[in-house]
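When a ligand or atom number is given, it counts from 1 through the structure's own listing order.
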Amino acid sequence: MSKLENAVPGYRYLVVEPYTPNIGATIHDIDLAQLSDASLRAELRKALAEYQVLFFRKQNLTPEQQIEVAKVFGDPDKAKAFFPRHDRHSVIEVLEAKPTGHRYGTDQWHADITFSANPPTGTVLYSHVIPPAGGDTLWASATAVYDSLPKHLQLYLEELEAVHSFEHSGWPQYFAQLADGDAIYRKARAEHLPVVHPVIQTHPVTGKKIVYVNPNFTDRIKGLSRQQSDALLAFIFAQFQRPEFQARLRWEANTVAIWDNRATVHYATADYDNQHRLLHRVTFGEDRTF
Ligand code: SIN
């Protein structure tokens, strides 16, 4: 293990360099294909809880090894979105933007799959092809957002619940581009009825409070009029825009990002017209997310 000037103490097996003061860390000198050591796996879980998103450069993972990485944190066979799947491993979602192909609506702040009753607790995203410039991903800390709110607003939000649905995300538009899009849309609607989540959640590992709404999937706050709900949600969503709460990753091929999907929201920048971008995603979860 090499010495790194910015490495934080408290880790025996990992070299952890904070990425910003509020969110993110780069983990150095690790080969994610070699994770058999239980102490190392435990430190990875500790780092994810502490930093919310972890970055690993220069990794070489087979699809099987990426799935093993996800298993360090949870069960990779839980909630999935509507992305095409890997031909040999259905738990791997293939996120591919070809120069003249479909685009996904991931350029909106969201936590993955909050339109399901038990959304993933986290995600392992591994880059294969990255445009020469652009296609960065940003994460925002939803615990830092909660902490920044005035006490009386925190207390008010804790009484509220919100409805989440895939309906007003980019998915219906994506389905419309597909030859069998109507049938896929009808099936998605039948299988994914809107769900209700508390607006404020408590992280089961860290005990931190989380603002658990996002513009991609949160439709409305229950008990408020549409106007009131839109205005309150717009106020909360605006907090994700604060650079102080964000980490922005400039991808290279063979980078892995692992995020805590309970404590963060993320945004995939769509600024790479006519360029190829290909990543493999493995979400992981538990029987109960909270
Ligand atoms: C996602 O929303 O999970 C994808 C993020 C990305 O493509 O960078």
Side-chain angles (χ1 to χ4, degrees), residues 19 23-24 26 48 52-57 59 61 66-67 69-70 73-74 76 78-86 91-99 101-116 119-142 164-166 168-175 192 212-218 237 240 246-285 289:
Y19 202 75
I23 177 170
T26 304
L48 185 61
Q52 304 186 339
V53 57
L54 306 177
F55 304 130
F56 306 81
R57 298 291 191 183
Q59 300 296 316
L61 297 178
Q66 185 181 356
I67 295 168
V69 175
F73 303 93
K78 293 286 183 201
K80 300 287 166 190
F82 308 106
F83 295 106
R85 304 294 179 87
H86 189 276
V91 297
I92 299 181
E93 295 171 302
V94 178
L95 281 56
E96 182 163 32
K98 292 188 178 151
H102 305 303
R103 290 293 158 113
Y104 302 106
T106 48
D107 52 338
Q108 271 268 43
W109 288 111
H110 63 285
D112 289 329
I113 322 180
T114 66
F115 57 83
S116 74
T121 54
T123 301
V124 180
L125 190 60
Y126 177 40
S127 56
H128 289 267
V129 181
I130 293 299
D136 297 358
T137 306
L138 290 85
W139 287 262
S141 169
H164 295 235
S165 153
F166 75 91
H168 68 284
S169 70
W171 284 117
Q173 260 175 302
Y174 166 69
F175 298 146
H192 296 279
Y212 200 67
V213 287
N214 66 80
N216 220 16
F217 301 126
T218 309
F237 299 158
F240 297 144
Q246 297 175 358
R248 178 175 185 141
L249 177 66
R250 171 83 198 99
W251 290 95
E252 297 159 4
N254 300 315
T255 299
V256 172
I258 304 177
W259 63 90
D260 182 330
N261 195 54
R262 295 184 277 217
T264 61
V265 288
H266 57 282
Y267 184 116
T269 310
D271 58 354
Y272 54 97
D273 280 354
N274 308 322
Q275 303 283 336
H276 190 196
R277 185 175 185 269
L278 170 64
L279 304 99
H280 283 185
R281 186 175 96 158
V282 182
T283 51
F284 53 85
T289 307

_Aromatic ring proximity Tyr19/Phe55, centre distance under 6.0 Å_ = yes

*Does a side chain donor of either Thr255 or Arg57 reach within less than 3.5 Å of an acceptor in the other side chain?*
yes

*Which is closest to atom 7 (O) of ligand 1 in terms of heavy atoms, His266, Arg277, Arg281?*
Arg277

*For His110, atoms of ligand 1 separated by under 4.0 Å from a heavy atom*: 1 (C), 2 (O)

*Strictly by modelled atom types, are Ser141 and Gln52 linked by a side-chain donor-acceptor pair under 3.5 Å?*
yes

*Would the Trp259 and His266 ring centres measure less than 6.0 Å apart?*
yes

*Measure centre to centre between the rings of Tyr126 and His280, then say whether the value is under 6.0 Å.*
no

_Which segment of Leu125 sits under 4.0 Å of ligand 1 when only heavy atoms are counted_ = side chain

*Atom CZ of Arg281 and atom OG1 of Thr123: how far apart are they, to the nearest 0.5 Å?*
5.5 Å

*May I ask you to identify the nearest protein heavy atom to atom 4 (C) of ligand 1, giving residue, atom name and distance to one decimal place in Å?*
Leu95 CD2, 3.4 Å

*Interfacing atoms of ligand 1 (cut-off 4.0 Å, heavy-atom, Thr106)*: 2 (O)

*asked:* Tell me the nearest of Leu279, Thr137, Asn216 to atom 8 (O) of ligand 1, using heavy-atom distances.
replied: Thr137

*Run the numbers for me: atoms of ligand 1, each under 4.0 Å from some heavy atom of Trp259, listed by number.*
3 (O)

*Tell me which part of Phe83 gets within contact of ligand 1: side chain, backbone, both or neither, using heavy atoms under 4.0 Å.*
neither

*With heavy atoms of Ala268 as the reference, note each atom of ligand 1 found under 4.0 Å away.*
5 (C), 6 (C), 7 (O), 8 (O)

*Looking only at non-hydrogen atoms, find the nearest pair between Gln275 and Pro131 and report the distance.*
CB-CB, 3.8 Å

